[in-house]
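Since the structure comes first, as structure tokens, the remarks are kept for the end.
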Amino acid sequence: DNFESWPESATYGYFGGGYAPFEVYFTTVDRIDFSNETTSTPGNNLPQGRSALAAVSSNSYGYFGGGFSPPTSYTNRIDRIDFSNETLSLPGNNLPQARERLAACSSSSYGYFGGGDNESFVAKVDRIDFSNETTSAPGNNLPQARERLAACSSSSYGYFGGGEASPYVKTIDRIDFSNETTSAPGNNLTQTRRRLAATSSSSYGYFGGGRSPSYRTRIDRIDFANETTSAPGNNLSQARDGLAAVSSSSYGYFGGGFKPGSPNYVNRVDRLDFSNETTSEPGNNLPQARDALAAVSGGASQRIKGSRTYGYFG
């Protein structure tokens, strides 16, 4: 496997933005420490409060893009978190298209923001170049326009799954990182749903939670080796939608969301063990309950990328 795009050295997960009652759009960034699963608020937040955003990460930075932020409504804004010191800033280049309810995934060189809503369903894929932080539209869009989807990635492909396109869908669309073409590999989620979250190990992608039309605990799995999909059988401890997910090399963490009953807004963190696919509650939840947030894994060590010129035998 090509581990360059897999966060085996990530030390933290960051949950940013979101929404809570009475028109509160959060700037808050919450952090989970992968070494001991404690959660905290590091103190540096997004420059702009917004919900229904998406996020990608390079080795050095996390990028929160798009979303909904009154009074400007749909936004194309990109905010950046520096993993070395957890400061947040504006790199200056935004998405070519303003929209909310989008999803995002990343290769070792680029981040891809796909789908969403801007008065109508969007198929657009926008790209951020990690080397210089410029943004562009590579020209190949998702085969199906939709919003409220989720995305995960292997070392070779990004997978956009589920969402809403009147009605809810279980479609999985694929972007090939080598040439940026998009296609439908043919194997979809086992269940239609929207407002779900996704994370990945080196071998599998996991789509968890969502609504279809009732709230779901369901986890679906895509096998990166052959792109088959299945339900491994262990689900989230709490049915909810509007959640976000991060991953270390050993675990995936699903945090936040919205559930039926009172209180509606959730700070719950569920953990998926990649070694045996069991789920549990590590016991430490997000400091702040909210839904429609986004998340990235960060603090990764610098890994060799691109062409290699020498090998050394010692």
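These figures come from a predicted structure and were not determined experimentally.
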Please check if the side chain of S200 supplies one atom and the backbone of C152 the other of a donor-acceptor pair under 3.5 Å.
-> no
Scanning both residues in full, the closest heavy-atom pair of N264 with V266 reads O-CG2, 3.5 Å
Between the side chain of R211 and the main-chain N/O of P213, is any donor-acceptor distance below 3.5 Å?
-> yes
If you measure from the Lys or Arg side-chain nitrogens to the Asp or Glu carboxylate oxygens, is any gap between E227 and R174 under 4.0 Å?
-> yes
Mind checking the CD-CG spacing from Q144 to L149? Nearest 0.5 Å is all I need.
-> 9.5 Å
Are side-chain N/O atoms of D30 and T41 paired as donor and acceptor at under 3.5 Å?
-> yes
Side chain of S40, backbone of P42: donor and acceptor closer than 3.5 Å?
-> no
Within the side chain of T229, is there an N or O that forms a donor-acceptor pair under 3.5 Å with the backbone of I222?
-> no
For the pair R194 and E147, evaluate salt bridge (Lys or Arg N to Asp or Glu O under 4.0 Å) and give the outcome as yes or no after the intermediate values.
-> CA-CA 8 Å; R194 65 170 188 172; E147 64 174 17; 5.2 Å; no
Taking all non-hydrogen atoms of both residues into account, name the closest pair between A137 and P96 and its distance.
-> N-CG, 4.2 Å
Any Y74 side-chain heavy atom under 4.5 Å of E119 side chain = yes
Identify the heavy atoms of A295 and F64 that sit nearest to each other, and give their distance.
-> N-CE2, 4.4 Å
Reference residue F224; test ring pair (Phe, Tyr, Trp, His ring centres under 6.0 Å); the match among Y159, Y157, Y204 = Y159
Enter the distance from I78:CD1 to S89:OG here, rounded to the nearest 0.5 Å.
-> 11.5 Å
What is the distance from atom CG of N140 to atom CG of N179, rounded to the nearest 0.5 Å?
-> 8.0 Å
Indicate whether the side chain of T75 and that of S69 have a donor and an acceptor atom separated by less than 3.5 Å.
-> no
Where do F177 and S154 come nearest, in terms of heavy atoms and distance?
-> CE1-O, 3.5 Å
Co-membership, hydrophobic cluster, residues V246 and L236, 4.5 Å side-chain = no
Please examine the side chains of T134 and I128, heavy atoms only from C-beta on, and report whether any two atoms are closer than 4.5 Å.
-> no
Looking at R31 and D33, does any basic side-chain N land under 4.0 Å from a carboxylate oxygen?
-> no
For T28, does its backbone N or O pair with a side-chain atom of R290 as donor and acceptor, under 3.5 Å?
-> yes
Is there a path of hydrophobic side-chain contacts, each under 4.5 Å between heavy atoms of I, L, V, M, F, W or Y residues, that connects V56 with L293?
-> no
Y168 reachable from L196 in the ILVMFWY side-chain graph, under 4.5 Å edges | no
Between the main-chain N or O of L272 and the side-chain N or O of T279, is there a donor-acceptor pair closer than 3.5 Å?
-> no
Using a strict 4.0 Å threshold on nitrogen-to-oxygen distance, state whether D291 and R240 make a salt bridge.
-> no
Kindly indicate whether the side chain of V169, heavy atoms from C-beta on, has any atom under 4.5 Å from the side chain of T192.
-> no
Indicate the atoms forming the closest heavy-atom contact of F68 with S73, along with that distance.
-> CE1-OG, 3.3 Å
Separation between OG (S230) and CG (D223), nearest 0.5 Å, reads 7.5 Å
Hey, what do you get for CG (D79) to CG (L88), rounding to the nearest 0.5 Å?
-> 7.0 Å
Are R193 and D220 ion-paired here, with the side-chain N under 4.0 Å from a carboxylate O?
-> yes
Sidechain-backbone polar pair: N76 side chain, G66 backbone, donor-acceptor under 3.5 Å | no
Derivation and outcome, side chain to side chain contact (heavy atoms under 4.5 Å, CB included), residues T27 and Q48 | CA-CA 6 Å; T27 62; Q48 181 187 53; 5.7 Å; no
Linking I/L/V/M/F/W/Y whenever any side-chain heavy atoms sit under 4.5 Å apart, do L243 and I219 land together?
-> yes
Main-chain N/O of L286 paired with N267 side-chain donor or acceptor, under 3.5 Å = yes
Transitive ILVMFWY side-chain link Y265 to Y25, under 4.5 Å = yes
Can you check whether S250's main-chain N or O pairs, donor with acceptor, with S248's side chain at less than 3.5 Å?
-> yes
Name the one of K170, R101, R148, R195 that satisfies salt bridge (Lys or Arg N to Asp or Glu O under 4.0 Å) with E164?
-> R148
Starting at CD1 of I81, measure out to CG of L46 and round the result to the nearest 0.5 Å.
-> 8.0 Å
Sub-3.5 Å donor-acceptor pair from the side chain of N285 to the main-chain atoms of V269, do we have one?
-> yes
For V296 and A55, work out which heavy atoms get closest and say how close.
-> CG1-CB, 3.2 Å
Is any side-chain heavy atom of Y61 closer than 4.5 Å to a side-chain heavy atom of R80?
-> yes
Any Lys/Arg nitrogen of R271 or E281 sitting under 4.0 Å from an Asp/Glu carboxylate oxygen of the other?
-> no
Short side-chain donor-acceptor distance under 3.5 Å, S237 and D270 = yes
SB check D126 K124 (cutoff 4.0 Å) = yes
Is any side-chain heavy atom of P282 closer than 4.5 Å to a side-chain heavy atom of N284?
-> no
Test R146 against D117 for salt bridge (Lys or Arg N to Asp or Glu O under 4.0 Å), laying out the working first.
-> CA-CA 7 Å; R146 60 197 196 274; D117 175 79; over 6 Å; no
Name the orientation class of the two ring planes belonging to F258 and Y215 (parallel below 30°, tilted from 30 to 60°, perpendicular beyond 60°).
-> tilted
